[in-house]
Protein chains: 2
Amino acid sequence: MTETKADTRPDRRAAAFARIRDAHQTEVAEDYVELIDDLIAERGEARLVDVSAHMGVTHATAAKIIARLKREGLVLNRPYRSIFLTEDGTRMANMARQRHRVVFDFLRAIGIDRETAEADSEGMEHHASDQTLAAMERLTAEILNRRT
Amino acid sequence: MTETKADTRPDRRAAAFARIRDAHQTEVAEDYVELIDDLIAERGEARLVDVSAHMGVTHATAAKIIARLKREGLVLNRPYRSIFLTEDGTRMANMARQRHRVVFDFLRAIGIDRETAEADSEGMEHHASDQTLAAMERLTAEILNRRT
DNA sequence: AAAAAACTTTAGCCATGGCAAAACCTGAAG
DNA sequence: CTTCAGGTTTTGCCATGGCTAAAGTTTTTT
């Protein structure tokens, strides 16, 4: 039970992990609604087939996830018909896309190649706080300006 | 089936998400081995109780996860005794800690407060590629130098 | 050495997100 | 107007990571 001076304080750390676990819960939802929104914008409708192809999962998996989104009021659809977003879903999609953009642009600004920036931002966007996003935006602008 | 010019190419995006799902699989392992390593360093041993307290989960959950780590050869322990890391586990802990540091330092350098940097880096470290980590390190040094 | 406290393990439950395979609609071609 | 290809849904299966509650060991206290 030796009292240490290091930062192994249960409370702080535990809280951080709890936040991360919560984030995980919404991550999937965000990714799906963002994709659905993109699909609707680009081709007028979102089909299960396309969703599963883009997410890289089987249709069964996509169907299950969409059922959850529906249950949670983010998505609407009638059997065998294409998928729509509710207002909440649209809002979530927009916020997710914006965060995604900020992180992606930042990574590009600091010299990360397109592919990698795409992959990294996809993973990181969900874990960046507003504070961090703001800082990234600021930095991105700064870097791009300096280049002029 | 209208062919679009936008970047909704299944393959690229699907691959990115696949990578993220893989990352998720190792995230938990990394967080646990890092914590176990810290505990051993700081108090000489890692007990289930401490692990669960720091991760903010019940001991049952921690026990289950540690059983998986054991199965995967990252951790060693005898019933009712404390927990050790294998070589692999130690290696993973060190790599995780290093990535964590890089992200944390970077966030601090761009002005994020300690608490937030702690939380954000905990979530982001798992999704930053080597390329991004290298860029963060470079930027951190740059920022700190400019301040001198 | 017995009793109490502290810790670990186990059992059983739940939701999520994977999968494969089968059953089921819908809409185009014939 | 029937067929059949292509989507969609459903059904079961698995692992993970949560939880509570109960049972089993150590360790400490009395």
Side-chain angles (χ1 to χ4, degrees), chain A residues 1 10 14-33 35-36 39 43-72 74-84 122-123 126, chain B residues 1-2 10 14-33 35-36 39 43-84 122-123 126:
Chain A
M1 283 68 198
F17 284 116
R19 247 172 286 138
I20 289 172
R21 280 194 300 273
D22 282 358
H24 275 314
Q25 288 219 334
T26 49
E27 257 179 64
V28 174
E30 289 182 352
D31 290 341
Y32 275 79
V33 295
L35 171 60
I36 290 168
L39 287 170
R43 56 185 66 181
E45 61 173 358
R47 312 292 308 272
L48 216 217
V49 174
D50 300 316
V51 172
S52 58
H54 284 92
M55 295 302 304
V57 300
T58 62
H59 34 283
T61 299
K64 205 188 278 185
I65 289 170
I66 286 166
R68 167 164 86 82
L69 300 184
K70 197 173 177 179
R71 205 187 334 129
E72 289 172 0
L74 296 166
V75 136
L76 290 173
N77 81 334
R78 299 201 327 290
Y80 298 98
R81 292 271 108 89
S82 68
I83 303 151
F84 301 95
E122 202 72 72
H126 306 287
Chain B
M1 280 69 194
T2 16
F17 284 116
R19 246 171 288 140
I20 289 172
R21 281 194 300 274
D22 283 359
H24 275 314
Q25 287 219 335
T26 48
E27 258 179 62
V28 175
E30 288 182 352
D31 290 340
Y32 274 79
V33 294
L35 171 60
I36 290 168
L39 286 170
R43 58 185 64 181
E45 61 173 358
R47 312 293 309 269
L48 217 217
V49 162
D50 300 316
V51 171
S52 59
H54 284 91
M55 294 303 302
V57 299
T58 61
H59 35 282
T61 298
K64 206 188 276 188
I65 288 169
I66 285 166
R68 166 165 86 84
L69 300 184
K70 197 172 176 180
R71 202 182 341 125
E72 290 173 359
L74 295 166
V75 137
L76 291 172
N77 79 333
R78 298 201 329 290
Y80 297 98
R81 291 271 106 90
S82 67
I83 303 152
F84 300 95
E122 201 72 72
H126 305 288

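These numbers come from the heavy atoms of this one structure, side chains and all, not from hydrogens, waters or symmetry mates. Below, chain A is the first sequence line, B the second, and so on; all start at residue 1.
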Between [N] and [X], is there an OP1 or OP2 to side-chain N/O distance shorter than 4.0 Å?
{"X": "B:T58", "N": "D:dC19", "answer": "yes"}
{"X": "B:R81", "N": "D:dT27", "answer": "yes"}
{"X": "A:T61", "N": "C:dG17", "answer": "no"}
{"X": "A:R47", "N": "D:dT8", "answer": "yes"}

Heavy-atom check, side chain of [X] versus side chain of [Y], under 4.5 Å:
{"X": "B:T61", "Y": "B:M55", "result": "no"}
{"X": "B:R43", "Y": "B:L39", "result": "yes"}
{"X": "B:R19", "Y": "A:E122", "result": "no"}
{"X": "B:D22", "Y": "B:T26", "result": "no"}

Rounded to the Å, how far apart are [X] [atom1] and [N] [atom2]?
{"X": "B:I83", "N": "C:dT9", "atom1": "CD1", "atom2": "C1'", "value": "12 Å"}
{"X": "A:L69", "N": "C:dA15", "atom1": "CG", "atom2": "P", "value": "17 Å"}
{"X": "A:M55", "N": "C:dC19", "atom1": "CE", "atom2": "C1'", "value": "16 Å"}
{"X": "B:Q25", "N": "C:dG17", "atom1": "CD", "atom2": "P", "value": "14 Å"}
{"X": "B:F17", "N": "C:dG17", "atom1": "CZ", "atom2": "P", "value": "13 Å"}
{"X": "A:H24", "N": "D:dG18", "atom1": "NE2", "atom2": "P", "value": "9 Å"}
{"X": "B:I20", "N": "C:dT16", "atom1": "CD1", "atom2": "C1'", "value": "17 Å"}
{"X": "B:E45", "N": "C:dT8", "atom1": "CD", "atom2": "P", "value": "9 Å"}

Minimum-distance pair of heavy atoms, taken over all atoms of A:R47 and A:I83 =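 Looking at all heavy atoms of both residues, the closest pair is C-CD1, 4.2 Å.
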
Return the nearest nucleotide to the side chain of [X]; candidates are [options].
{"X": "A:A63", "options": "C:dT26, D:dT9, D:dT27", "answer": "D:dT9"}
{"X": "A:V28", "options": "C:dG17, D:dT9, D:dT10", "answer": "C:dG17"}
{"X": "B:R68", "options": "D:dG7, D:dT16, C:dC13", "answer": "D:dT16"}
{"X": "A:V49", "options": "C:dT8, D:dT10, D:dT8", "answer": "D:dT8"}
{"X": "B:Y80", "options": "D:dG7, C:dT10, C:dT8", "answer": "C:dT8"}
{"X": "B:K64", "options": "D:dT25, D:dG17, C:dC19", "answer": "D:dG17"}
{"X": "A:V57", "options": "D:dG17, D:dT26, C:dG18", "answer": "C:dG18"}

Closest-nucleotide 5' rank along DNA chain C - winner of B:D50 and A:R71 | B:D50

Given DNA chain C, 5'-ward residue of the pair A:H59 and A:E72, judged by closest heavy atom |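 The residue mapped nearer the 5' terminus is A:E72.
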
Where each residue is assigned the nucleotide of DNA chain D containing its nearest heavy atom, which of A:R21 and A:P79 is assigned the position nearer the 5′ end?
-> A:P79

Could you grab the distance from atom CZ of B:R68 to atom NZ of B:K64, nearest 0.5 Å is fine?
-> 12.0 Å

Which part of the nucleic acid, if any, lies within reach of A:L48 when heavy atoms closer than 4.0 Å are counted: base, sugar-phosphate only, or nothing?
->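 The residue A:L48 makes base contact.
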
